[in-house]
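Small disclaimer: the values here were computed from a predicted structure and weren't measured.
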Amino acid sequence: MATSGAAARPPVATTLSARRGTAPSATAAAASCPASSARRTTWRPRARLSSGNAARARARLLRVEASSMADPVEESLPAAPHTATDAPLETQPQVRTSMWNWKGYNIRYQYAGTSGPALVLIHGFGANSDHWRKNIPVLALKNRVYAIDLIGYGYSDKPNPRELGESFYTFETWGEQLNTFCAEVIKSEAFFICNSIGGLVGLQAAAMEPQKCKGIFLLNISLRMLHISKQPWFGRPFIKSFQSLLRNTVIGKLFFSAVATPESVKNILCQCYHDTSAVTDELVQFILQPGLDPGAVDVFLEFICYSGGPLPEELLPRVKCPVLVAWGEKDPWEPVELGRAYASFDTVEDFVVLPNVGHCPQDEAPDLVNPLVESFVTRHS
């Protein structure tokens, strides 16, 4: 496992699908597909580099071969310090933090940029909009960028699922939240840029209201390996019993207490980041702090016991907009070999392998991800 953020990454092996007749732009990193359709060009970055990270980003990029808004109310919540990897600080748009009321619940979001297409950045399990702090100011140079805390996560409200009387923390709920956010805050259609379970949220929202979504960029989408349909029939009763034990006894809260510590969060992040130098104390606090809020333990237990709902392979055929899939090849949780299967869906235009990157490419390798997002958005705007 790499321990130095300055280490150069090997070339990306890739092919671009011609199913949609879309030619790759000069900045698009290439997708990894069957060798029979391979084509290779040179990927050149468009965004400028900050002095602090120029050497690292330049080393990566030169080695990669490639195939409005509701009236915001400013809140006292501190936005994460936004450091960009490919734009001078003095040119970065200001990143603001605001709250939006949805169904009586307070939802935090961050935003930047005043013109261009709208992008909504959607985090994964246990994370929040601060996980996009390296992407928001860079992408806001040419776009209107929003990063939202899904209900139950970050600094959004965390209603107790036991008091709601029905399943609440589901992809249908989050998909509805995302679509309503587009209607009430963004007031336009948008691109969904998603990581991990955020990918299911983006796909669900696009399937529910296709007119809201212009395109979906999936980063290491969750394969949902613990889904009940992916378990052997003889193991399903055991899974349900274990879930009941977590939900209804003190064991669940003890488990959460063991996980919700700086040491545990750092260890978990070091498992899913290939470049462990990216797991800083700052990152650990961004993930941990809102997880200590009242109600966080109930949301945590509710989701890890959520073994139903849709799978990516069920949602992709229902999506009408273009989809780009990118995958960190060193992801230990969602293996790239399994992710390649999504390249076969008609709506997926490209599959991009990100070398020596783990489960959260947007934070571990923003210098690779940001140009890919810009290229995808440009192609479909």
[X] side chain vs [Y] backbone, donor-acceptor pair below 3.5 Å:
X      : Y      : result
Ser344 : Ala341 : yes
Ser156 : Gly152 : no
Lys134 : Asp363 : yes
Gln177 : Ile151 : yes
Thr276 : Cys270 : no
Asn179 : Ala205 : yes
Arg144 : Thr114 : no
Asn106 : Asn101 : no
Ser381 : Val377 : yes

Phe303/Tyr169 aromatic ring centres below 6.0 Å: no

Greater than 12 external heavy atoms within 6.0 Å of Phe256's CZ: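 Counting neighbours around CZ of Phe256, more than 12 heavy atoms of other residues, nucleotides or ligands fall under 6.0 Å, so yes.
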
Where [X] and [Y] come nearest, the two heavy atoms and their spacing:
X      : Y      : value
Pro290 : Tyr155 : CD-OH, 3.8 Å
His123 : Ile148 : CD2-O, 3.2 Å
Gly104 : Asp157 : O-OD2, 4.5 Å
Ala296 : Gly291 : CB-O, 3.2 Å
Thr347 : Val319 : OG1-O, 3.7 Å
Asn356 : Glu364 : O-OE2, 3.7 Å

Test log, rule side-chain hydrogen bond (donor to acceptor under 3.5 Å, both in side chains), inputs Glu374 and Asn143: CA-CA 9 Å; Glu374 290 176 345; Asn143 306 281; 5.5 Å; no

Qualifying residue, where the test is side chain to side chain donor-acceptor pair (under 3.5 Å) with Ser196 and the options are Glu334, His359, His131: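 Testing each of Glu334, His359, His131 against Ser196, the sole residue satisfying side chain to side chain donor-acceptor pair (under 3.5 Å) is His359.
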
Parallel, tilted or perpendicular, as decided by the 30° and 60° cut-offs, for the rings of Phe125 and Tyr153: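 Perpendicular, since the angle between the ring planes exceeds 60°.
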
Mutual orientation of the aromatic rings belonging to Tyr111 and Tyr109 [parallel < 30°, tilted 30-60°, perpendicular > 60°]: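 Tilted, since the angle between the ring planes falls between 30° and 60°.
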
What I'd like to find out is whether the side chain of [X] reaches to under 4.5 Å of the side chain of [Y], using heavy atoms alone.
X      : Y      : value
Leu288 : Pro262 : yes
Ile197 : Arg224 : no
Glu176 : Trp102 : yes
Lys214 : His380 : no
Ile221 : Trp327 : yes
Tyr342 : Leu223 : yes
Leu218 : Val323 : yes
Phe217 : Cys194 : no

Trace of the side-chain hydrogen bond (donor to acceptor under 3.5 Å, both in side chains) decision for Thr170 with Ser167: CA-CA 7 Å; Thr170 67; Ser167 296; over 6 Å; no

Full working for side-chain hydrogen bond (donor to acceptor under 3.5 Å, both in side chains) between Gln204 and Trp174: CA-CA 8 Å; Gln204 180 69 55; Trp174 290 316; over 6 Å; no

Gln362 vs Arg133, side chain to side chain contact (heavy atoms under 4.5 Å, CB included): CA-CA, chis, key distance, verdict: CA-CA 9 Å; Gln362 78 278 10; Arg133 68 199 183 283; over 6 Å; no

Qualifying residues under ring-ring contact (aromatic ring centres under 6.0 Å, His included), relative to Phe168, sequence neighbours excluded: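 Here no residue qualifies.
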
Qualifying salt bridge (charged side-chain N to carboxylate O under 4.0 Å, His left out) pairs, either residue in residues 303-318, two or more places apart: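 Found Lys230-Glu313.
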
Contacts of Glu209 that satisfy salt bridge (Lys or Arg N to Asp or Glu O under 4.0 Å) - sequence neighbours left out: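 Partners of Glu209 under the salt bridge (Lys or Arg N to Asp or Glu O under 4.0 Å) test: Lys212.
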
Value rounded to 0.5 Å, distance of [atom1] in [X] from [atom2] in [Y]:
X      : Y      : atom1 : atom2 : answer
Ile287 : Ile268 : CD1   : CD1   : 10.5 Å
Asp149 : Lys158 : CG    : NZ    : 7.5 Å
Ser222 : Phe171 : OG    : CZ    : 6.5 Å
Lys320 : Cys213 : NZ    : SG    : 13.0 Å
Ser129 : Leu150 : OG    : CG    : 9.5 Å
Ile216 : Phe192 : CD1   : CZ    : 7.0 Å

Test log, rule side chain to side chain contact (heavy atoms under 4.5 Å, CB included), inputs Leu301 and Ile304: CA-CA 5 Å; Leu301 294 175; Ile304 65 174; 4.1 Å; yes

Test log, rule side-chain hydrogen bond (donor to acceptor under 3.5 Å, both in side chains), inputs Arg108 and Thr97: CA-CA 7 Å; Arg108 179 182 77 145; Thr97 299; 4.9 Å; no

salt_bridge(Lys330, Asp275) N-O dist < 4.0 Å: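 Result for this pair is no, no salt bridge flagged.
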
Matching residue for Leu324 among Ile193, Val348, Asp350 - test: side chain to side chain contact (heavy atoms under 4.5 Å, CB included):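 With Leu324 as partner, side chain to side chain contact (heavy atoms under 4.5 Å, CB included) holds for just one option, Asp350.
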
